Structure formats: C-alpha cells, structure tokens
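Just so it is clear, the model here is predicted, and its values are computed rather than measured.
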There are 2 protein chains.
Amino acid sequence: MSGPIRPFERSLPMQLMRAREAVMARFRPHLNARNLSDQQWRIIRALSETDALEIVELSGRCCIHPASLSRMLPALEQEGLVKRHNHARDQRRSVMSLTVRGRRLFREMGPESEAIYAALARDIGAARLSQLYAMLDALIATLEQPAIVNRKMRPRKTRVAKVASRARSARSKR
Amino acid sequence: MSGPIRPFERSLPMQLMRAREAVMARFRPHLNARNLSDQQWRIIRALSETDALEIVELSGRCCIHPASLSRMLPALEQEGLVKRHNHARDQRRSVMSLTVRGRRLFREMGPESEAIYAALARDIGAARLSQLYAMLDALIATLEQPAIVNRKMRPRKTRVAKVASRARSARSKR
DNA sequence: GCCAGACCTTTAACATGTTAAGCATCTGCC
DNA sequence: GGCAGATGCTTAACATGTTAAAGGTCTGGC
C-alpha cells in the first residue's frame with residue numbers, strides 16, 4: 001500500500017500533530033477553567049506522581065525543555081502551586097514539588113480529567129485505543145534509538161527569517 | 001485492557017507529541033541544511049502542490065495559524081521563495097505561491113526528503129505504517145466532529161503565569 | 001444605493017519552543 | 001588538594017503558538 005504520494009497535509013508528522021490537537025481539544029476547556037495551560041498542567045501532573053523531582057527529571061517527564069521550564073516555574077511558584085528546595089548534596093540542583101495547594105488542585109481536577117479521558121476512550125473504542133498506544137510506543141522505540149547522537153536542531157543564525165518583517169508596508173497601499 | 005493507570009508521561013497526547021518529535025528528528029538535519037524551519041518547509045510543501053493558495057487555505061493545509069503565517073510570510077517573500085498576489089475579485093485576500101526559486105528549492109530537496117521517508121517507512125515497516133495512518137485518520141475523524149463549535153483556547157488574562165518572573169532573584173543567594 | 005454585520009488579514013501582547021552562552025558547582029584525574 | 005572539564009540551571013535572543021482586537025473589504029437585506 002502506501003500508494004504513490006500521500007498528500008503532504010496528511011503526512012505522518014502532520015497527522016500526529018492533528019491527532020494530538022484533537023485530543024487536547026477535549027481537555028482544554030477543563031484546564032482553562034482553572035487558568036492552566038497545557039504545559040502547566042503537564043508540570044503539575046508530573047509532580048503529582050512523585051514527592052519531588054529535579055529540573056532535568058521533570059523536564060524529561062513532561063517533555064518541556066529545561067530552558068522553558070526554568071522560565072515557567074517562577075510563575076507557578078508565585079501562584080503557590082509548586083515549591084523549590086535545595087538538593088541535599090549538590091548545590092547546582094533544584095528540586096521541585098507540589099505545595100499542599102498544588103496537590104489539592106490536582107485532586108480537585110482529577111475526577112473531571114478522568115471523566116474526559118473515559119469519554120474519549122469510549123468514543124475511540126478501547127481496543128483501538130490500546131492498539132494506538134502500542135503502535136505509538138513501537139514507533140517511538142524504533143525511531144528514538146539512533147537519535148542518541150543528535151538532539152533537536154534549528155537553523156542557524158543565517159536562516160531565512162532573519163530580515164525584519166517590515167517589508168510589507170510597501171504593500172499596505174493596495 | 002487499558003489497565004488501571006497509564007503513567008502520565010505515556011498519556012496519549014504525550015505519546016503523540018513524542019512520536020511526532022521522533023519522526024521530525026529524522027528530517028530536521030535535512031531542513032536545517034537549507035536553513036529552513038519545520039514550519040517554513042510545511043509552507044513550501046503546501047504551496048508546491050498547487051499553483052496558489054489564499055492565506056486561510058494555506059493555513060489549513062499546513063496547520064499554521066493565520067496569525068503565525070502572517071508573521072512568517074514576509075521573511076519567505078524577502079528570501080524570494082514565495083510571492084504574494086492580489087485576489088482578482090476580493091481585495092481583502094492575498095494569494096500566495098512559490099517563486100521559481102521556491103519551486104527549484106523544493107525540487108532540489110525532494111529526493112532526499114523521499115529517501116528519508118523511505119528509510120523511515122522501512123524501519124517502521126510498511127504494514128505498521130499504513131495501520132498507523134489508518135488509526136490516526138480514524139482518531140482525528142472521531143474527535144474532530146463535535147469540535148466544530150470550539151476552536152483552540154488558552155487561559156485568559158488572569159492566568160497563573162501573569163506575575164513577572166523576577167521572584168527567583170531572592171533565591172540566587174543560595 | 002446603503003448599512004450592519006460577516007469575512008480576511010494583520011498587528012499586538014503574551015507564552016512557549018529552541019539554541020547558545022553564562023555561571024555556579026561538582027567530579028575525576030593529576 | 002587543585003584544576004580542567006563536565007554538569008545543572010538560568011538567561012538571552014529569536015521564532016512560533018495563541019488570543020484578541022483592529023483595519024479593510026465584501027455581502028445581503030432593506
């Protein structure tokens with residue numbers, strides 16, 4: 001199969017992106033009702049599963065780059081949802097954990113989260129869903145192996161988007 | 001099956017995100033060699049399949065929000081890869097298309113793109129891959145239906161992250 | 001013909017993704 | 001013990017995602 005050409009808009013990365021977006025769309029109203037972004041919720045969920053996590057560990061578990069994490073954590077601290085401790089034997093490290101308030105928020109949101117997930121699982125079908133999990137696990141396992149060497153990369157300085165974006169003022173007299 | 005609790009880091013949105021990232025990692029060196037970001041490449045690919053597209057159409061096909069698109073297009077114009085035309089009968093609309101140079105770039109990159117995809121398909125396995133496509137298509141079709149009403153949403157102004165992020169200076173004297 | 005509302009695109013403001021560099025601390029080796 | 005390099009986190013700079021609003025333009029109903 002695979003046919004000749006799958007049109008680009010249905011390419012694998014595109015479909016994975018769409019699928020994720022479709023799933024998240026179900027959860028977003030619930031998160032937004034508490035003024036949480038997707039990413040903030042990931043942080044809270046990751047911390048809810050353990051007592052405490054170092055930044056790099058947390059980063060790995062919630063798939064947020066350490067640099068982004070470093071930028072977003074102060075807001076969550078300020079809000080009183082997470083707190084920061086010093087590592088016992090290594091002054092370089094920070095250890096994050098949920099505050100009592102953070103845990104309570106998680107507890108309060110838990111039931112509805114699970115209800116949304118249950119509805120989702122019902123709509124998709126349990127069999128299909130577990131098959132999908134299995135395929136994603138396999139895909140990730142297959143592809144991530146040779147990637148030990150190179151991490152993510154972006155174009156360097158000279159990239160296309162470098163010019164200031166004011167050239168279109170020439171066009172505004174249409 | 002689905003068992004009791006799938007740990008959060010392997011939740012569906014998370015796995016979809018990881019899978020996409022794993023796939024894109026294979027293409028990124030190729031794109032970066034030409035100083036193109038993922039998104040810029042999506043724009044070029046979308047335009048390569050037709051003569052011309054209006055902004056909203058382009059946005060839909062490459063899954064980039066019109067506002068983002070509006071911001072990134074001038075750089076691609078400046079670089080001489082795409083050009084903008086006026087719509088014949090509707091002055092509100094812009095119509096984008098690839099320049100000769102843009103088409104040449106796409107042609108030049110095509111073979112290696114396909115080679116990377118072929119290697120990917122080989123590693124994953126043709127059967128698995130087409131099964132995966134089918135499941136993603138089904139998932140998207142299932143979930144996107146009731147979503148006609150609400151588009152994406154983010155927390156409103158009062159969100160958690162509103163405070164300036166300078167509170168951690170109190171911590172730097174650790 | 002005119003006008004209210006819909007539509008298309010852009011802009012602004014903010015949050016997050018991404019890379020590179022900076023800074024402090026730690027670790028292994030001498 | 002001291003020092004070079006590794007490690008953990010942060011910051012800076014830029015690109016992109018996301019929302020709301022602004023500015024033209026169009027359309028349908030009158």
Side-chain angles (χ1 to χ4, degrees), chain A residues 17 21 24 28 32 35-40 42-43 53-60 62-76 84 86-87 89-96 150-166 168-169 171-174, chain B residues 17 21 24 28 32 35-40 42-43 53-60 62-76 84 86-87 89-96 150-166 168-169 171-174:
Chain A
M17 183 166 56
E21 187 46 43
M24 283 312 299
R28 217 165 261 129
N32 290 176
N35 282 318
L36 293 173
S37 65
D38 301 5
Q39 294 86 347
Q40 290 170 332
R42 293 215 298 278
I43 294 171
L53 286 175
E54 298 173 19
I55 304 280
V56 171
E57 251 300 290
L58 180 58
S59 162
C62 58
C63 288
I64 295 176
H65 195 286
S68 284
L69 210 45
S70 193
R71 192 175 33 194
M72 16 191 345
L73 284 175
L76 289 171
R84 187 186 295 262
N86 293 332
H87 184 103
R89 292 180 314 283
D90 190 339
Q91 289 302 302
R92 293 172 304 182
R93 303 175 195 235
S94 279
V95 180
M96 306 302 307
N150 12 348
R151 300 227 161 249
K152 294 187 192 179
M153 271 175 43
R154 284 179 101 189
R156 300 297 296 274
K157 310 263 178 141
T158 353
R159 64 186 303 174
V160 160
K162 210 50 201 308
V163 291
S165 53
R166 297 305 163 190
R168 59 192 164 314
S169 51
R171 175 183 153 265
S172 55
K173 57 174 158 43
R174 57 180 176 181
Chain B
M17 183 166 57
E21 187 45 42
M24 284 310 301
R28 216 164 262 130
N32 290 176
N35 281 319
L36 293 173
S37 65
D38 301 4
Q39 294 87 346
Q40 289 171 332
R42 293 215 298 276
I43 294 171
L53 286 175
E54 297 173 21
I55 304 279
V56 170
E57 252 301 290
L58 180 57
S59 162
C62 59
C63 287
I64 295 176
H65 195 285
S68 284
L69 211 44
S70 192
R71 189 175 36 194
M72 28 197 329
L73 285 175
L76 289 171
R84 186 187 297 261
N86 292 333
H87 184 102
R89 294 179 315 283
D90 190 338
Q91 290 301 303
R92 293 170 304 180
R93 303 175 195 235
S94 279
V95 181
M96 306 302 307
N150 11 349
R151 301 222 162 253
K152 294 186 192 180
M153 272 175 42
R154 283 178 101 190
R156 301 296 296 274
K157 311 264 179 144
T158 352
R159 68 186 300 173
V160 160
K162 210 52 201 309
V163 291
S165 54
R166 297 307 164 189
R168 60 190 164 315
S169 50
R171 172 182 156 266
S172 56
K173 57 173 160 43
R174 59 182 174 180

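Closest approach of A/Q40 to A/S37, counting heavy atoms only: OE1-N, 3.0 Å. Closest heavy-atom contact between A/C62 and A/I43: SG-CG1, 4.0 Å.
In this structure, the side chain of A/R84 does not engage the main chain of A/S94 through any donor-acceptor pair within 3.5 Å. A donor-acceptor pair is defined here as one N or O able to donate and one able to accept, closer than 3.5 Å; no such pair exists between the side chain of B/E57 and the backbone of B/E54.
Atom-to-atom, CE of B/M96 to C1' of C/dT9 comes out at 12 Å; the value is rounded to the nearest Å. Summarising the geometry, the separation between CG on B/D38 and P on D/dC14 is reported as 20 Å, rounded to the nearest angstrom. Atom CG of A/L69 is separated from atom C1' of C/dT16 by 11 Å (rounded to the nearest Å). A straight line from CE of A/M72 to C1' of C/dG17 spans 10 Å, rounded to a whole angstrom. Separating the NE2 atom of B/H87 from the P atom of C/dC8 is a distance of 10 Å, rounded to the nearest angstrom. C/dG5 atom P lies 17 Å from atom CZ of B/R92, rounded to whole Å. In this structure, B/R93 atom CZ and C/dC7 atom P are separated by 11 Å, rounded to whole Å. Look at NE2 on A/H65: it is 17 Å from P on D/dT16, rounded to the nearest Å.
In the set D/dG8, C/dT9, C/dT16, the nucleotide with an atom closest to the side chain of A/V56 is D/dG8. Here D/dT25 is the nucleotide among D/dT18, D/dA13, D/dT25 with the atom lying nearest to any side-chain atom of B/Q91. If you check D/dC9, C/dT11, D/dT10 against the side chain of A/E54, the one that comes closest is D/dC9. Checked against C/dT10, C/dT16, D/dC9, the side chain of B/S94 finds its nearest nucleotide in C/dT10.
Both B/A67 and A/R42 lie near DNA chain C, and the one whose nearest nucleotide falls closer to the 5' end is B/A67.
Distances shown here put a side-chain N or O of A/Q39 below 4.0 Å from the OP1 or OP2 atom of C/dG17. A close approach under 4.0 Å does not occur between any side-chain nitrogen or oxygen of A/S68 and OP1 or OP2 of C/dT18. Dashed line: the shortest gap from a side-chain N or O of B/R84 to OP1 or OP2 of C/dT10 is under 4.0 Å. Residue A/R71 places no side-chain N or O under 4.0 Å from the OP1 or OP2 atom of C/dC14.
One finds the CG atom of A/L76 at 8.0 Å from the CE atom of A/M96 (value rounded to the nearest 0.5 Å).
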